[in-house]
Structures are given as C-alpha cells and as structure tokens.
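Working notes for the structure below.
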Amino acid sequence: MNSSSEINSLVEVIKSTLKVKDLTDKLGLHEPYFNNLTTFEYLKECIDSGWVSNSGSYVEKFEEHISRFTKANYSIALNSGTSSLRLCLHLIGVKPGDEVILPPLSFVATANSISHLGATPHFVDIEESTLGLSAEALSAHLDNIAVIKNSQVVNKFSGKRIAAIVAVHVFGHPCNIKKIKEVADFWNISVIEDSAEALGSFSFISSSPIHSGLIGQLGILSFNANKIITTGSGGAIITNNSQLALRAKHLSMTAKIPHPWNFDHDDIGWNDRLSNLNAAIGVAQFEELEHRLKIKRKLAELYIRSFEAIPGVEIVKEPINTKSNYWLVTLRFSDDDPNEANRKRLILLEKANSQGLCLRPSWSLLNKQIMYSKCQCSDLSVARDQSNRLVNLPSSPLLLARK
Ligand SMILES: *Cc1c(COP(=O)(O)O)cnc(C)c1O
C-alpha cells in the first residue's frame, strides 16, 4: 500500500470511530462542555449577591471539590495553571539566576513560569512509555552535571543552582513520579508536578491510587477551556503540606494581613486568586467530572480498538500502574525510521484537517522555541524521536456525550 492510501485509511478509521458522516459539524480537539443548567444558577447567585471577585463562597466550594476529588489535604484555587506553577516555584525558593529542570515535551507555560521568576529552564529527556520526564535520564544527567557547593546542587557547566524539578503528566498520562521523586530526594531537590492536564489521573503507589500532583512537594491543575473541566480560565495548587498551602493562599491574595479594615501586607504578593464567577462555573463542572471521565475513557477505548489491527500505528496507552484521564488521545507512528514516521504524520495532519477533523501535532519541543533554544539540556533524543511520531486526535467529551 502506498502511504497516501495508507493515510486515507487512517482518516477513515478516525471518522468511523467517531461515527462522523458529514463534517459540517466541526470537531475540535477538546472543547469545553456544559451540560448542566446549574452553571447559570450559580453564576446568577454570584451576580445577585455581588460576590463576583476573588472572595466568595464558590471559591471555597470549588476548593472543597478539588480536595474531595483528589484527596489533597489542601487546594488553593488560582486564576490560571501558569500562575499556579509560578507560585509553586516561588514557594519552594526558585530565584533569579537559578535553573529548573523540566522535560522538553510540554506546553510552553511550564517553561514560561520558570522564566517569569528570572530562572532558566534546563531540559532533560523523556521516556517513551509515559511521554514524561525519564527518571533514568534525570539521574544520569545529574550525575554528569551536578556538584554540591555550600550544600546546594550546582550545574558545574553553567555555575547555576538547580533549584527545582518540574515533572509534567503529558496528555493526562501520569509520568513515573515515584522514581523521579526518588532521584530528586537523593539530590535534595524539590519536585513540582505540572498536572495541568491530569485531573482524574492517578498513580498506584503500593496499590493505592494517588492523584497526580500529590507526590511532589506541590502540584498544579489547570481549568482552561480545553482542559478536562473548565472555569473559563483557572488553576489550582494541590498539596498535603500545610505550611506551603497557607503561604500559597496568602501570597495569591496580595499577602494582606487579615484585618477588618486596615491594608497591611507582610510580603510582595500577587493577585492570583480565582474569581467567584469562575469558581461558580467550576463547581458546576465538578458535578459532571466523574461522568466525563467515564466518557473519555470510553472514547480512548474505542480508538484503541479501532487502531489495534492497523500496522504501523498505535494509540498511546496509560502507563502501567497508573490510571490516565486520557485528556488527549494520541496516535503514534511506529515506523523504525523516524523520518518516515514524521512524513506520514505530516500527511495525516494535512489530510485530516483539510476534511474538518481537528488533529494536532504534539507541541514543538520547548528547547526548539526561540526563547529557549540556548538553554542547558541533556541528550534529548527520545523527545526528538517521539515528537516526530505523535498526533493528537479529537478527544472532546462532546464526541460521545451527544450520541
Ligand atoms: C494548560 C497547561 C498549562 C497552563 O495552564 P493555563 O491554565 O492555561 O495557564 C501548563 N502546563 C501544561 C502541561 C498545560 O497543558
């Protein structure tokens, strides 16, 4: 079979999995979905009561939902995943001139939050099985580049302190966070979990499910429009550490010392708190989360079944000992030659998109983005190879919910 007809048949498999006949109705990659009418009720209550900004009962209700669902001891609702990441990094002491280790396969916000604090991203390779940071690559790289100076971990090539590691749960698949944490603990470096895409994803640690974000010192969630549930724009920090949680809340609300009327502040804070309006949407969205996760798993299973018998491609599956929320379903070309995989991948993107099917490549690697092209990095051959092979498929809960 030539590759053009091979790719046409992949497009047909996607269409038949989704049962789309005519593509007059555009299929997004992951659209926001509002099924319940309580959204309007809660929003109206905010407006009627005048509590629309960053204090109000819905912010607290939303945090209770996050804590109950993830089993985090503390949840702090903030206005974006990016500000949540930035605040986490600040809380664990990331300062201008530091380096922070992260994988190159992530959304740009992961690296930007590091730069916003005047620190520099430092990229370490991923592993094929989880698409997340490789604990082995991390350990080998630190052995190569790190020295201890004044009880701090310093990159001997740049002279900069390595202040933190950000692990990312890519497309909702939990990375091997237990092993990453072991390596980090050996070097006494803090771990932040970018769980922006991973609400509803769990790692099994001694057979107990631990929600993504709760193994590292701090974890973050995002509630942007294309995430699993949305508040319009929003994020959260989750943690079991009471001191970090208190400080996160304090700094996110201008570090104001509580007082009935005085404006006294004891630190340089931010205005990062989620608004009551956004939180009201989030409370309504939480009422649908369990159902949505079921739909998303069913969609992933349908794709897996459809592509099972087709040579040369596979659906990326949840890593062993994890439960993924399958935020985005990803097709991987398995040709031996990465150039061949990439060629087919680009044809598939072209053909599918020209027919109204929203397929997307995985992000361009962060170390290839112009502002991060001079950053320190380990050998990134797995990330480079994988980014030539991955295509995200339409994954909206709407795709099955409306049938
Ligand atoms: C969405 C996302 C973010 C940023 O979240 P926002 O709420 O859009 O600021 C960070 N990291 C990853 C991996 C994401 O997917």
Side-chain angles (χ1 to χ4, degrees), residues 28-32 54 62 66 75-90 94 100-117 121 123-124 126 130-133 164-175 177 180 191-201 211-213 216 218-238 248 252 270-275 278-279 281-282 285 296 316 324-330 360-367 369 372 383 386-387 390 392 395-396:
L29 191 68
H30 202 291
E31 290 148 308
N54 51 20
F62 185 57
I66 299 171
S75 305
I76 302 97
L78 301 175
N79 56 18
S80 75
T82 309
S83 61
S84 305
L85 270 172
R86 193 242 294 124
L87 185 51
C88 285
L89 291 163
H90 174 73
V94 172
V100 175
I101 288 178
L102 75 164
L105 184 71
S106 184
F107 181 53
V108 71
T110 316
N112 287 348
S113 63
I114 296 165
S115 305
H116 291 162
L117 292 172
F123 300 107
V124 171
I126 64 166
T130 64
L131 298 177
L133 188 63
I165 295 164
V166 182
V168 186
H169 304 291
V170 173
F171 309 142
H173 301 310
C175 67
I177 189 65
I180 291 167
V191 176
I192 305 294
E193 288 182 63
D194 182 345
S195 309
E197 302 167 358
L199 181 67
S201 298
H211 195 278
S212 292
L218 296 155
I220 73 104
L221 301 168
S222 166
F223 301 102
N224 207 338
N226 66 351
K227 296 290 165 33
I228 200 128
I229 57 171
T230 186
T231 56
S233 183
I237 293 176
I238 53 175
S252 73
W270 279 286
N271 179 15
D272 279 350
R273 191 91 168 131
L274 190 69
S275 85
N278 294 98
I281 298 172
Q285 289 269 290
K296 298 212 32 102
V316 175
S324 173
N325 65 8
Y326 280 103
W327 174 58
L328 290 185
V329 179
T330 306
R360 289 286 180 269
S362 62
W363 312 279
S364 302
L365 295 180
L366 292 173
N367 60 301
Q369 311 282 349
Y372 298 125
Q386 287 299 306
S387 69
L390 304 176
N392 290 319
S395 305
S396 301

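Note that ligands are numbered from 1 as they come in the structure, with each ligand's atoms numbered from 1 the same way. What's counted below: heavy atoms across the whole structure, side chains too, no hydrogens, waters or symmetry copies.
- Shown here are the side-chain contact (heavy atoms from CB on, under 4.5 Å) partners of Ser387, two or more places apart in sequence or in another chain: Ser362, Leu365.
- Aromatic ring centres of Trp327 and His173 lie farther apart than the 6.0 Å criterion allows.
- Aromatic rings of Tyr326 and Phe171 (six-membered ring for Trp) have centroids beyond the 6.0 Å cut-off, not under it.
- Residues passing the salt bridge (charged side-chain N to carboxylate O under 4.0 Å, His left out) test with Arg360: none are found, sequence neighbours excluded.
- Partners of Asn224 according to the side-chain hydrogen bond (donor to acceptor under 3.5 Å, both in side chains) rule, which considers only residues two or more places apart in sequence or in another chain, do not exist here.
- Side-chain atoms of His30 come within 3.5 Å of backbone N or O of Asn226 as a donor-acceptor pair.
- Listed by chain and number, Ser80, Gly81, Thr82, Ser106, Phe107, Ala109, Thr110, Val168, Asp194, Ala196, Glu197, Ser222, Asn224, Lys227, Gly234 each place a non-hydrogen atom less than 4.0 angstrom from ligand 1.
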